[in-house]
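Along the sequence shown, residues are numbered consecutively beginning with 1.
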Amino acid sequence: YRRLLELRRSHAALVRGTIANVAAQGDVLTYERCHDDERLLIALNMGRDDATVPAHGGVVLLSTLAGRDGQPLQEGVNRLSAGEAFVAAV
């Protein structure tokens with residue numbers, strides 16, 4: 001939780017940003033937080049199975065999956081592990 005608090009402190013979109021593009025498909029919830037030129041994608045897989053999340057590129061800033069921080073998001077469909085949540089700059 002400390003990493004999440006630090007991320008929140010360092011990204012205005014997580015504090016003052018608007019919420020946009022809220023979508024739910026199956027066990028996956030996605031939405032964006034936007035402020036000025038910053039746009040963050042938040043994806044949460046609340047299911048027991050891996051799922052997919054569409055994206056147009058970006059980089060994972062913080063994930064509950066070890067080793068995923070800093071990894072790029074692919075153009076198109078990206079895997080979201082069971083129980084995983086991430087915040088990505090897009």
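For the pair D36 (side chain) and E38 (backbone), a donor-acceptor distance under 3.5 Å is absent. Not one N or O on the side chain of N78 forms a donor-acceptor pair closer than 3.5 Å with the backbone of L73. The backbone N or O of S63 lies less than 3.5 Å from a partner atom in the side chain of D69, making a donor-acceptor pair.
V59 and L7 fall within a single hydrophobic cluster, where Ile, Leu, Val, Met, Phe, Trp and Tyr side chains are chained together by heavy-atom contacts under 4.5 Å.
Here I42 contributes atom CD1 and L14 contributes atom CG; the two are 5.5 Å apart, rounded to the nearest 0.5 Å. Between atom CG of residue L40 and atom CZ of residue F86 there is a gap of 11.5 Å, rounded to the nearest 0.5 Å. Rounding to the nearest 0.5 Å gives a distance of 8.0 Å between CG of D50 and CG of L80. With rounding to the nearest 0.5 angstrom, the CG atom of L4 is 11.0 Å from the CG atom of L61.
Shown here for G83 and T64, the closest heavy-atom pair between the two residues is O-OG1, 3.8 Å. Residues H35 and A12 share a closest heavy-atom pair of CD2-CB, 3.5 Å.
Under the 4.0 Å criterion applied to side-chain N and carboxylate O atoms, E84 and R68 are assigned as salt-bridge partners.
For R39, the side-chain hydrogen bond (donor to acceptor under 3.5 Å, both in side chains) test picks out E32, with sequence neighbours left out.
In this structure, E75 places its CD atom where more than 12 heavy-atom neighbours from other residues, nucleotides or ligands lie under 6.0 Å away.
For residues 9-28, the salt bridge (charged side-chain N to carboxylate O under 4.0 Å, His left out) pairs, not counting sequence neighbours, are E6-R9.
You'll find the side chain of M46 stays beyond 4.5 Å of the side chain of V28, heavy atoms only. Taking 4.5 Å as the limit, some side-chain heavy atom of I19 sits within range of a side-chain heavy atom of R33. Within the 4.5 Å cutoff, side-chain heavy atoms of V15 are placed close to those of R8.
Using a 4.5 Å cut-off between side-chain heavy atoms of Ile, Leu, Val, Met, Phe, Trp and Tyr, Y1 falls into a hydrophobic cluster with L5.
Remark: of the listed residues N21, L41, L44, L44 is the sole one forming a side chain to side chain contact (heavy atoms under 4.5 Å, CB included) with Y31.
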